[in-house]
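Data first, discussion second: the structure below is written as structure tokens.
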Amino acid sequence: MAPAEQTRKTIPQDSDIASRLLGWYDVHHRELPWRITPREHARGIRPDPYRIWLSEVMLQQTTVEAVKSYFRVFVEKWPDVEALAAAPTEDVMKAWAGLGYYSRARNLKACADLVAERGGRFPDTETALRELPGVGAYTSAAIMAIAFDRPAAVVDGNVERVISRLFSIMTPLSEAKAEIRAHVERMVPDTRPGDFAQAMMDLGATICTPRRPRCMLCPLRGDCSAVVSGDPEHFPVRLPKADKPLRRGAAFVAVRGDGAILLRKRAEKGLLGGMTEVPTTAWTARVDGATTQAAAPFPGNWKPTGRIAHVFTHFALELDVFLANTKGETPAGHFWSLPSDISGEALPTVMKKAIEAAIPGATKKPSPHSAKRPHD
């Protein structure tokens, strides 16, 4: 008998927890565009591994609500992995713009290319899945459980919170990953492991929330030691966060007579790699950039139009924004984007903020009945 099977049989309450959680999920599951429902699952309908993989990559460090619209755009443009592999990288980056963590988009395209080369079928083992670009322990487990309905311990932030409270884990979350995973491994049922994984996520997202959890509605209330202690919000235990360093720089929005905006592409590697930007000074996560008109990409009547702030994972950034009108010379490595095209460029959120500070509304999709007029 395998060790995992021995463990499950010596802890009968784990199967009881899984059974109650699945019963709750059958009634209270979230309707999400990449999911099949429990009723569909019972009828033999199975999820598309492509859609599960795509959604899981998008959901890394991003909320469900933010992902829904991006997911729909992607599957409409590229309904399968072969279509995504055939798409130009620039188009993929444009469709991803605003979703953040842009290394995910680069890995997404690289993974699609590799899977398409291998016949368009995703591997069905965690080991093989983890050999794909951008697929780590969590994503491989999620694909295994949800797409292939095989037992796998799927542990995201919601699951960490549920398990930390269920067992009153006092170890700080950053050091408790293995302990939490061990609990989940014991709880995963042999039947419906994909629904179990999604049920755990839904419980954390809708009931066992970070603030003011709705414990009275929780199907696991009778087993939760944090409910007994009376302080579920104490869990998961976290170490104090270090203050993020603040970096400074400047952004320069140059406008041509026809309203086109000067842009350039960032280096493929590094922060915001492969994305589009207005010219900026040489700020990084570690050093400040210049903050005055003197650092502009070319001489001009640069006028300050405000300051924008943006928070990255490891640092905060403030950019002083300057605007100038120009006759349209094109510096090396730059290009002009017309007002009708700017909303479709691969602009990360921080660059959209900079352009909006200089030209309010410029990054919004124009009405088909309106046209931007050149700046005075």
Side-chain angles (χ1 to χ4, degrees), residues 30-37 40 45 47-116 120 122 132-135 138-139 142-143 146-147 156 198 201 205 261 263 265-266 268 272-277 310 335 337-356 361-370 372:
R30 291 179 292 178
E31 299 282 347
L32 300 174
W34 47 85
R35 276 189 183 176
I36 64 166
T37 66
E40 289 171 329
I45 299 173
D48 180 355
Y50 168 71
R51 295 170 71 94
I52 300 304
W53 162 74
L54 177 61
S55 67
E56 289 299 337
V57 174
M58 287 184 166
L59 285 164
Q60 293 169 15
Q61 299 173 297
T62 310
T63 66
V64 166
E65 288 307 311
V67 163
K68 286 180 181 178
S69 61
Y70 282 88
F71 178 85
R72 292 189 179 100
V73 167
F74 264 73
V75 294
E76 182 176 335
K77 286 178 177 287
W78 307 297
D80 54 42
V81 72
E82 290 94 342
L84 183 58
T89 299
E90 184 177 356
D91 289 352
V92 175
M93 299 304 287
K94 286 180 178 180
W96 193 277
L99 196 55
Y101 299 96
Y102 296 98
S103 62
R104 294 181 299 163
R106 297 192 295 276
N107 284 330
L108 186 84
K109 183 63 169 65
C111 183
D113 293 345
L114 185 57
V115 172
F122 280 86
L132 298 175
V135 177
Y138 166 77
T139 305
I143 295 171
I146 301 170
D156 69 353
Q198 293 175 112
M201 296 175 188
I261 295 174
L263 300 175
K265 185 178 178 181
R266 291 179 65 89
E268 289 296 332
L272 307 179
M275 301 301 288
T276 301
E277 67 175 359
H310 190 76
F335 65 95
S337 181
L338 292 168
S340 58
D341 299 331
I342 196 73
S343 64
E345 299 289 358
L347 291 162
T349 300
V350 63
M351 295 303 157
K352 290 181 179 179
K353 289 180 180 179
I355 294 173
E356 289 291 325
T363 65
K364 310 302 180 186
K365 285 189 177 181
S367 165
H369 304 295
S370 66
K372 286 190 177 295

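Residue E268 places its CD atom among more than 12 non-hydrogen atoms of other residues, nucleotides or ligands, all under 6.0 Å distant.
Taking the six-membered ring where tryptophan is involved, the planes of F74 and W96 are perpendicular, since the angle between them exceeds 60° and thus also 30°.
Across L59, L54, L32, a single residue satisfies side chain to side chain contact (heavy atoms under 4.5 Å, CB included) together with F71, and that is L54.
In plain terms, the two heavy atoms of C111 and P133 that are nearest each other are CB-O, 3.6 Å. In this structure, P47 and I36 approach most closely via the heavy-atom pair CD-CD1, 3.8 Å. Closest approach of P33 to K68, counting heavy atoms only: CD-CG, 4.2 Å. Counting all heavy atoms, side chain and backbone alike, M93 lies closest to G273 at CE-O, 3.7 Å. The two residues A85 and A112 have their closest heavy-atom pair at CB-O, 3.5 Å. Summarising the geometry of S343 relative to T363, their closest heavy-atom pair is CB-O, 3.3 Å, with the distance given to 0.1 Å.
Here the side chain of R266 pairs no donor or acceptor atom with the backbone of E277 at under 3.5 angstrom. Between the E356 side chain and the A362 main chain, a donor and an acceptor come within less than 3.5 Å of each other. Judged by distance alone, the side chain of Y70 and the main-chain N or O of A97 form a donor-acceptor pair under 3.5 Å. Checking side-chain atoms of R104 against main-chain N and O of M58 turns up a donor-acceptor pair under 3.5 Å. Listed for the K265 side chain is no donor-acceptor partner under 3.5 Å among the backbone atoms of M275. No side-chain donor-acceptor contact under 3.5 Å links R106 to the backbone of T89.
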Decide side-chain contact (heavy atoms from CB on, under 4.5 Å) for Y50 and V115; before the verdict, give the C-alpha distance in whole Å, the side-chain angles of both, and the deciding distance to 0.1 Å. CA-CA 10 Å; Y50 168 71; V115 172; over 6 Å; no
Evaluate the criterion side-chain contact (heavy atoms from CB on, under 4.5 Å) for residue pair D48 and D80; output intermediate values, then yes/no. CA-CA 9 Å; D48 180 355; D80 54 42; 5.8 Å; no
I'd like to know whether T276 forms a side chain to side chain donor-acceptor pair (under 3.5 Å) with E345, so could you lay out the CA-CA distance, the side-chain angles of the two residues, the decisive distance to 0.1 Å, and finally the verdict. CA-CA 7 Å; T276 301; E345 299 289 358; 4.6 Å; no
Going through the distances and angles, do F122 and L132 end up as a side-chain contact (heavy atoms from CB on, under 4.5 Å)? CA-CA 9 Å; F122 280 86; L132 298 175; 4.2 Å; yes
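A distance of 11.0 Å separates CG in D156 from CD in Q60, rounded to the nearest 0.5 Å. Here the CD atom belonging to Q198 is positioned 10.5 Å from the OG1 atom belonging to T37, to the nearest 0.5 angstrom. In this structure, the separation between CD1 on I261 and CD1 on I342 is 4.5 Å, given to the nearest 0.5 Å. A distance of 15.0 Å separates OH of Y102 from CG of N107, quoted to the nearest 0.5 Å. In this structure, the separation between CH2 on W78 and CG on D91 is 6.0 Å, given to the nearest 0.5 Å. Rounding to the nearest 0.5 Å gives a distance of 12.0 Å between CZ of R35 and CD of E40.
The residues K94 and E90 are annotated as salt-bridged, a charged nitrogen and a carboxylate oxygen being separated by less than 4.0 angstrom.
Taking 4.5 Å as the limit, every side-chain heavy atom of V75 sits out of range of all side-chain heavy atoms of W34.
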